[in-house]
Q: 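Below are the structure tokens for one structure; questions will follow.
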Amino acid sequence: METHKQLTIGLFGFGVVGEGLYKVLKQTPSLKASIKKVCIKHPDKKRDAPASLFTTQKEDILQDPEINVVVEVIDDANAAFQIVSTALLNGKAVVSASKKMIAEHLPELLSLQQETGQSFLYESSACASIPVIRNLEEYYDNDLLHSIRAIVNGSTNFILTKMFEDKLDFQSALLLAQQLGFAESNPKLDVEGYDAVNKWTILLNHAYGIVSHPDEILFTGIQQVQLSDALVAKEKHWDIKLIAQAKKLNNGQVAAFVLPQFVKHDEPLSFVKNEYNGVVIESGFADKQFFYGKGAGSFPTASAVLSDIAALRYNYKYEYKKLYHHKPHDLTNDYYLKVYVSFDDWSYIPREEFEWIEEWHAEAERKYLIGVLHYSKLAGQNWWKENNTSLILTTDPIIDNLDIIKLKKKSLELAGIA
Ligand code: HSE
């Protein structure tokens, strides 16, 4: 029988995830993995671990030949990239939870893995406890992967649940998410969608072989969503969720974005509450599959880090099959979206930019419309994020170019115009 490799770990970071990992590892002696050193920034902070474990010198880990695994769970994306690159170049396997760093440095990290042949695993960087990266990597052939829709940020899902189901105000809900260790240290990253788009950039690579940068993907967070939007949703038996979506269009290119979206009550993602995440994958022949689990928090995130560490015992590596072994897909900006927009005044809304508007309510103080526009009327434009305007995608928002003429005609007929 092949014996598993002994893993000697150097850990960077002892915050929510780092400390969680330390505790989880102590309860998993069968793993044959031990932490030799932990590198931290502030030595004076009180920590629940022997003082001899800690250092402030990164070389104590990066230059120690006995340490064969570097686990990096720090907050600073630039420092994290330096640590990860040096560790890989020094012949160490690396496990990371730094989604921002990974999303912003995908091309360099891919090259570093090819150059060094080392394992670089980061399951915890997207959807924390849900093993979505390894599933996309190993199980789904990209020819068969039609679409993925997911809730990838625990804090915003927690805030939306607390606001609209438990009637908490936004600030109290955010504070609670911070106290429970779900939010980023700069919670703007959660609330305004940056964390979700970082995770989506990572997942698009494993799903479709797309190597992109978060800047290339249309996104926003929940900062504009209003109570009046939740009331409209309730009337129509919908929820509001921050949804990351990717769909293969008829021409084989992929539409991808992260935006608030209405979700029907009988859809799996509607059951995803609080800090939980969920992923719905639609693939040829299998139809829909649903992954569900905790998307934030100390132990759920540490559990994914632990699983990566365990995989290193048999030298597991991502093969990036969709990128290297298949024809990778391209992102496209050429499609239409059906949106709900609520606003205070018509003058803020570029009505002429819509292909058609099929519902509008202009009497109340808070007005809204439902209409269809081209992707380019949102990307690079700010009207839908300014002047207290709120945009939410409808339940089935993507319209392929090939369908637009047919649907426009039908809609105008229904409105009695054509
Ligand atoms: N702030 C992140 C979230 C933590 O709320 O999802 C997990 O990545």
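In this chain, numbering begins with 1 at the start of the sequence shown.
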Q: Can you tell me how far the CZ atom of F219 sits from the CD atom of E192, to the nearest 0.5 Å?
A: 8.5 Å
Q: Looking only at heavy atoms, which two atoms of A128 and A296 are closest? And how far apart?
A: CB-N, 3.9 Å
Q: Answer yes or no: is there an ion pair linking K100 with D195, defined by an N-O contact shorter than 4.0 Å?
A: no
Q: NZ/K58 to CD1/I74 distance, rounded to the nearest 0.5 angstrom?
A: 9.5 Å
Q: For the CH2 atom on W360, are there more than 12 heavy atoms of other groups (residues, nucleotides or ligands in this structure) within a distance under 6.0 Å?
A: no
Q: Report the distance from atom OG of S228 to atom CZ of F343, rounding to the nearest 0.5 Å.
A: 11.0 Å
Q: Determine, stepwise, if the pair Q113 / Y320 fulfils side-chain contact (heavy atoms from CB on, under 4.5 Å).
A: CA-CA 11 Å; Q113 287 168 84; Y320 300 96; 3.0 Å; yes
Q: Could you give me the CA-CA distance, side-chain angles and deciding distance for F120 and Y318, then say whether ring pair (Phe, Tyr, Trp, His ring centres under 6.0 Å) is met?
A: CA-CA 8 Å; F120 175 51; Y318 300 139; 7.8 Å; no
Q: Would you give the length of the straight line joining atom CD of E104 to atom CD1 of I202, rounded to the nearest 0.5 angstrom?
A: 10.0 Å
Q: With side chains defined as the heavy atoms from C-beta onward, is the minimum distance between F290 and I281 less than 4.5 Å?
A: no
Q: I would like to know whether T389 and N387 meet side chain to side chain donor-acceptor pair (under 3.5 Å); could you show each step before the answer?
A: CA-CA 5 Å; T389 298; N387 298 312; 5.5 Å; no
Q: Quick check: does any side chain N or O of T86 sit under 3.5 Å from a backbone N or O of Q82, one acting as donor and the other as acceptor?
A: yes
Q: Salt bridge check: are K99 and E184 linked by an N-O gap of less than 4.0 Å?
A: yes
Q: When you look at CD of E365, are more than 12 heavy atoms from neighbouring residues, nucleotides or ligands closer to it than 6.0 Å?
A: no
Q: Roughly how far apart are L259 CG and L337 CG, rounded to 0.5 Å?
A: 7.5 Å
Q: Using every non-hydrogen atom in the two residues, find where S129 and G293 come nearest and quote the distance to one decimal.
A: OG-C, 3.7 Å
Q: Tell me whether the centres of the aromatic rings in Y292 and F271 are closer together than 6.0 Å.
A: no
Q: Has T394 got a side-chain atom pairing as donor or acceptor with V339's backbone, closer than 3.5 angstrom?
A: no
Q: Side chains of N401 and D334: any donor to acceptor distance under 3.5 Å?
A: yes
Q: Pick one: which of Q289, K322, K321, H206 meets side chain to side chain donor-acceptor pair (under 3.5 Å) with Y140?
A: Q289
Q: Enter the distance from I398:CD1 to S147:OG here, rounded to the nearest 0.5 Å.
A: 8.0 Å
Q: Could you check if a side-chain atom of I217 sits within less than 4.5 angstrom of a side-chain atom of L204, using non-hydrogen atoms only?
A: yes
Q: Could you tell me how the ring of Y368 sits relative to the ring of H361: parallel (under 30°), tilted (30 to 60°) or perpendicular (over 60°)?
A: parallel
Q: We want to know whether E72 and S98 form a side-chain donor-acceptor pair, criterion being a heavy-atom distance below 3.5 angstrom.
A: yes
Q: Taking all non-hydrogen atoms of both residues into account, name the closest pair between F81 and M101 and its distance.
A: N-CG, 3.6 Å
Q: Applying side-chain contact (heavy atoms from CB on, under 4.5 Å), run through L25 and L21 and close with a yes or a no.
A: CA-CA 6 Å; L25 263 176; L21 177 69; 4.2 Å; yes
Q: Checking T156 against N153: is there a side-chain donor and acceptor pair closer than 3.5 Å?
A: yes
Q: Pairing donors with acceptors under 3.5 angstrom, does anything connect the side chains of K5 and N315?
A: yes
Q: Would you mind reporting whether V197 and F257 have side-chain heavy atoms less than 4.5 Å apart?
A: no
Q: If every non-hydrogen atom of G209 is compared with every non-hydrogen atom of P328, which pair is closest and at what distance?
A: O-CB, 3.4 Å
Q: Decide yes or no for Q261 and K241: does some side-chain heavy atom of the first lie under 4.5 Å from some side-chain heavy atom of the second?
A: no
Q: Taking atom NZ as the centre, does K234 end up with more than 12 heavy-atom neighbours from other residues, nucleotides or ligands that are less than 6.0 angstrom away?
A: no
Q: Passes side-chain contact (heavy atoms from CB on, under 4.5 Å), V17 versus V305? Steps please.
A: CA-CA 9 Å; V17 183; V305 175; 4.3 Å; yes
Q: Does the side chain of T220 pick up a donor-acceptor pair with the side chain of Q223 at under 3.5 Å?
A: yes
Q: Is there a donor-acceptor pair closer than 3.5 Å between any side-chain N or O of T161 and the backbone N or O of N274?
A: yes
Q: For Q224 and N388, which I'm curious about, is there any donor-acceptor pair between the side chains at under 3.5 Å?
A: no
Q: Is a side-chain N or O of H42 found less than 3.5 angstrom from the main chain of D44, in a donor-acceptor match?
A: no
Q: Whether the H213 and E216 side chains hold a donor-acceptor pair (N or O, under 3.5 Å, no angle test) is what I'd like checked.
A: no
Q: Hey, mind stepping through Y375 and Y336 against ring pair (Phe, Tyr, Trp, His ring centres under 6.0 Å) and telling me if it holds?
A: CA-CA 5 Å; Y375 172 97; Y336 294 81; over 10 Å; no
Q: Please check if the side chain of N198 supplies one atom and the backbone of Y194 the other of a donor-acceptor pair under 3.5 Å.
A: yes
Q: Apply salt bridge (Lys or Arg N to Asp or Glu O under 4.0 Å) to R134 and D308, showing your working.
A: CA-CA 10 Å; R134 244 189 278 175; D308 281 347; 3.5 Å; yes
Q: Within a radius of less than 6.0 Å around CG of D48, do more than 12 heavy atoms belonging to other residues, nucleotides or ligands occur?
A: no
Q: Under a 4.0 Å N-O cut-off, is there an ion pair linking R149 with E267?
A: yes
Q: The test is salt bridge (Lys or Arg N to Asp or Glu O under 4.0 Å); show your working for D64 and K36 and say whether it passes.
A: CA-CA 10 Å; D64 182 343; K36 186 173 175 195; 2.6 Å; yes
Q: So do C127 and V279 actually touch side chain to side chain, heavy atoms under 4.5 Å?
A: yes
Q: side-chain contact (heavy atoms from CB on, under 4.5 Å) between L136 and L145: does it pass, once the steps are laid out?
A: CA-CA 9 Å; L136 287 171; L145 198 65; 4.3 Å; yes
Q: Is any side-chain N of the basic residue among K367 and D344 closer than 4.0 Å to the acidic one's carboxylate O?
A: no
Q: Below 4.5 Å, heavy atoms only, C-beta onward: do N205 and L106 meet side chain to side chain?
A: yes
Q: Quick one: closest heavy-atom pair of K199 and V152, and the distance?
A: NZ-O, 2.9 Å
Q: Taking the side chain as everything from C-beta on, heavy atoms only, tell me whether R47 gets closer than 4.5 Å to I40.
A: yes
Q: When you compare the side chain of K248 with that of H329, does any pair of heavy atoms fall below 4.5 Å?
A: yes
Q: Restricting to non-hydrogen atoms, name the atom on S270 and the atom on D239 that form the minimum distance, rounded to 0.1 Å.
A: OG-OD2, 2.9 Å
Q: Does D76 come within less than 4.0 Å of K41, counting only side-chain N to carboxylate O?
A: no
Q: Go through it in stages, so that I can follow the logic: the residues are Y208 and D330, the test is side chain to side chain donor-acceptor pair (under 3.5 Å), and I'd like the CA-CA distance, side-chain angles, deciding distance and then a yes or no.
A: CA-CA 8 Å; Y208 292 109; D330 293 321; over 6 Å; no
Q: Please evaluate residues K247 and E282 with respect to the criterion salt bridge (Lys or Arg N to Asp or Glu O under 4.0 Å), reporting the C-alpha separation (whole Å), side-chain torsions for both, the decisive distance (0.1 Å), and the verdict.
A: CA-CA 9 Å; K247 185 178 178 184; E282 245 183 289; over 6 Å; no
